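Note that the structure is predicted; figures quoted are calculated from it, not measured. Just so it is clear: chains get the letters A, B, ... in the order the sequence lines come, proteins before strands, and each one is counted from 1. For the numbers below, each heavy atom of this structure counts, side chains included, while hydrogens, waters and symmetry mates do not.
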Number of protein chains: 2
Amino acid sequence: MINNRSKAVTIIKIAEKSGFSKSTVSLALQHSPKIKKSTRKKILKVARELGYVYNRSAANLRKPHSNLIGLVINDLTNPFFSELAVAIEQELGSSGYVVVLVNTSENIEKQEQVIRSLSEHNVKGVIVCPALGTPNNFIGHVNQYGMAMVTVARPIPHQKCDFISVDGDNSIFLTTEHIIAQGARNLAFVGGEEGNAAFEHRLAGFHRAIKNNQAKVDSFTINPCAINRNAASKVTQSLLATEPQPDGIICYSDLVAFGVYSGIQRCGKRVGIDIAVTGMDNIQGASDVHPSLTTTEVFIEAIGKRAAEVLLKRLSAPEIPFSNYSISAELLIRESSSLSGG
Amino acid sequence: MINNRSKAVTIIKIAEKSGFSKSTVSLALQHSPKIKKSTRKKILKVARELGYVYNRSAANLRKPHSNLIGLVINDLTNPFFSELAVAIEQELGSSGYVVVLVNTSENIEKQEQVIRSLSEHNVKGVIVCPALGTPNNFIGHVNQYGMAMVTVARPIPHQKCDFISVDGDNSIFLTTEHIIAQGARNLAFVGGEEGNAAFEHRLAGFHRAIKNNQAKVDSFTINPCAINRNAASKVTQSLLATEPQPDGIICYSDLVAFGVYSGIQRCGKRVGIDIAVTGMDNIQGASDVHPSLTTTEVFIEAIGKRAAEVLLKRLSAPEIPFSNYSISAELLIRESSSLSGG
DNA sequence: ATGAAAGCGCTAACAA
DNA sequence: TTGTTAGCGCTTTCAT
């Protein structure tokens with residue numbers, strides 16, 4: 001029932017049956033222009049009849065390139081990252097690459113293992129969302145293995161590689177400005193882990209907006225927490241138990257905002273009435289929660305597409321200088337940032 | 001900066017530098033017991049110094065097995081499936097396999113491409129959550145390529161392969177019974193696509209519970225829709241615009257329930273007060289929404305672990321008969337299934 | 001337009 | 001315990 005690969009059909013079998021030589025078959029299979037159309041047709045027909053399967057292990061041994069690209073993601077259960085992964089995979093896949101997608105679960109050791117493993121499979125390049133706390137020498141490891149790397153969403157400290165960032169600073173600046181314009185006076189920033197660059201960027205946007213509106217802001221607090229619903233809900237509940245209670249919560253991301261919703265509701269308050277809430281990312285579901293979430297559109301698909309393009313570019317031109325790309329975010333005003341509860 | 005694999009260090013280089021032969025090096029690298037400990041140590045040391053990277057393409061050419069397993073998922077942006085994928089990947093990874101994770105986006109053609117592509121990479125087995133509408137001959141294709149397959153979460157019609165199912169029938173039976181016990185009299189089942197086996201199973205559980213409680217149920221409706229928040233929210237809103245309005249909504253899954261929450265709230269009703277709602281799966285976030293979601297614990301991790309085990313078993317014993325596994329679900333009563341609004 | 005032949009890096013008999 | 005040798009299936013000059 002299940003074919004044994006050991007008695008696999010090879011180009012030699014095709015050669016025998018079609019009457020051409022091994023090399024002609026190989027060329028024909030690669031759609032080489034050197035082969036006459038009619039013979040290619042014959043060869044492809046025989047290949048189909050025999051159930052031939054191209055053996056990339058063998059090809060890789062001779063060819064300098066493989067069609068394998070690694071996609072190393074810190075947390076696939078976070079919708080932002082899974083949507084990003086899907087976008088990258090789609091782009092790379094449509095360019096003929098096979099994407100090896102791996103989840104590191106924010107585990108640095110696993111991340112190192114994964115890199116080694118990918119290198120053994122002759123992977124030429126990787127796109128990575130680095131796990132929290134990824135050290136700078138990680139880049140060196142990747143390069144030692146002969147792979148190009150581009151990071152996305154999170155930079156590695158002092159990194160010397162291509163990077164596609166999300167527009168965290170400006171995103172949070174936009175949402176903070178908006179929430180102040182809505183009349184919030186006691187602000188809270190919720191979510192993210194200290195020491196992480198993405199967190200610092202977003203915090204910078206928060207502070208910038210506050211400086212920009214000093215007269216209007218009575219108080220503000222910073223409340224880091226793990227980037228998941230549960231942690232955000234808990235932080236919010238304790239936040240609401242302290243004075244002055246915030247009337248505007250700027251969240252690290254949409255996922256955090258979902259947790260904040262729950263924390264607010266558990267305290268008997270209403271989102272978009274008693275407390276204005278904003279997110280960032282515009283993940284699936286941000287428009288479907290109630291009240292719908294005011295957030296920033298960071299264009300996940302565009303980021304993924306760009307990351308794929310940059311890696312492909314890097315692979316074809318290894319010597320060009322490293323670059324940072326950032327795709328501008330846009331404010332998306334929905335219901336959660338209203339403040340009509342007095 | 002980036003090593004060129006073409007001038008890669010091979011076991012021959014290690015042999016030269018260490019003074020042993022190629023085969024001794026090969027055996028040593030494989031931790032063969034035939035090689036003296038001391039020489040293995042020397043060889044490993046030289047390998048490290050040279051920055052040797054094992055070339056699996058070359059090894060695959062000789063060995064009957066690769067360490068590659070394919071994980072083919074219908075929709076990675078659905079939390080149930082991404083959590084399942086992560087669980088499977090973890091289990092397989094800790095057994096030394098490299099998992100090639102691919103997202104098919106419910107696209108049957110992409111699914112076929114993916115299978116072909118995996119076979120070219122000498123993948124020995126795949127775990128797949130089939131895309132909607134996957135035809136029965138898909139199994140034949142997979143087997144023609146010499147790969148073993150186990151399906152998980154969704155069966156393929158009349159399939160002849162191992163299958164790990166989620167306990168849909170009983171899950172929905174449990175939630176429906178519970179919601180009736182809570183006092184709901186006008187029931188609605190929301191979510192899922194007609195013709196899909198998983199949908200039919202869950203529906204069967206729904207009907208079974210209704211038969212079981214005929215005297216208590218005044219009316220019920222079936223409302224299929226795509227398995228995402230947005231579709232569920234819309235269906236719910238139109239559902240609540242018709243008479244008799246349901247006071248109990250049994251959802252196809254937690255993700256659907258999230259959409260139902262939003263639909264209910266948009267109509268000015270309250271979940272767990274005016275309308276009881278239940279989900280299925282217990283994905284991350286089910287306990288964090290407000291009100292917390294009554295659902296069934298289907299043990300995603302256990303399902304993933306079992307799927308991995310079954311595939312590994314199949315690979316080592318291709319001839320044993322196919323089996324179906326189902327892990328029993330348990331009812332998880334939380335806030336959303338209350339009914340105190342009279 | 002097609003064929004012959006060498007060799008990619010590795011494993012696995014078989015010898016020694 | 002270690003070395004010798006023959007390929008695995010493919011690509012790719014170089015001939016023809």
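Side-chain proximity of K63(A) to dG9(C), dT12(D), dG9(D): nearest is dT12(D). Out of dT2(D), dC10(C), dT11(D), the shortest distance to the side chain of Y54(A) is found at dT11(D).
The two atoms that bring V9(B) and L50(B) nearest to each other are CG1-O, 3.2 Å, heavy atoms only. Residues A308(A) and L92(A) approach most closely at CB-CD1, 3.4 Å, considering heavy atoms.
Between S21(A) and dG3(C), a side-chain N or O to OP1/OP2 separation shorter than 4.0 Å is present.
The nearest whole Å value for the distance from the CG atom in L27(A) to the P atom in dT13(D) is 11 Å. If you take CG of N60(B) and P of dC10(D), they are 13 Å apart, rounded to a whole angstrom. The CG-C1' distance, from N55(B) to dC8(C), rounds to 9 Å in whole Å. Residue I12(A) contributes atom CD1, which lies 10 Å from atom C1' of dC8(D) at whole-angstrom precision. Atom CZ in R40(A) sits roughly 11 Å away from atom P in dT2(C) (whole-Å rounding). Whole-Å rounding puts the L61(A) CG to dT12(D) P distance at 12 Å. Following rounding to the nearest Å, N67(B) (CG) and dC10(C) (P) show an atom-to-atom distance of 15 Å. What separates NZ of K42(A) from C1' of dA1(C) is a distance of 12 Å, to the nearest Å.
Using a 4.0 Å heavy-atom cutoff across all strands shown, S23(A) reaches at least one base atom of the nucleic acid. When heavy atoms are screened at a 4.0 angstrom cut-off, K34(A) is found touching base atoms of the nucleic acid.
The residue among S26(A) and I35(B) whose nearest nucleotide of DNA chain D lies closer to the 5′ end is I35(B). With DNA chain C read from its 5' end, the first of the two nearest nucleotides for K22(A) and T39(A) is the one closest to T39(A).
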**Report entry** Chi angles and distances behind the side-chain contact (heavy atoms from CB on, under 4.5 Å) call for I320(B), K313(B)
**Finding:** CA-CA 9 Å; I320(B) 57 177; K313(B) 177 91 185 175; 3.9 Å; yes
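Applying the side-chain contact (heavy atoms from CB on, under 4.5 Å) criterion to S105(A), with sequence neighbours excluded, gives N103(A), Q90(B).
Between the side chain of R62(B) and the base of dG9(C) there is no donor-acceptor pair of N/O atoms closer than 3.5 Å.
A salt bridge links E120(B) to R116(B): one of the charged nitrogens lies within less than 4.0 Å of a carboxylate oxygen.
The main-chain N or O of S323(B) is found under 3.5 Å from a side-chain atom of D162(B) such that the two form a donor-acceptor pair. Under the 3.5 Å distance criterion, the side-chain polar atoms of E106(B) are matched with a main-chain donor or acceptor of L132(B).
Rounded to 10 degrees, the angle separating the terminal helix axes of the helix from dA1(C)-dT16(D) to dA16(C)-dT1(D), each built from five base pairs, is 30°.
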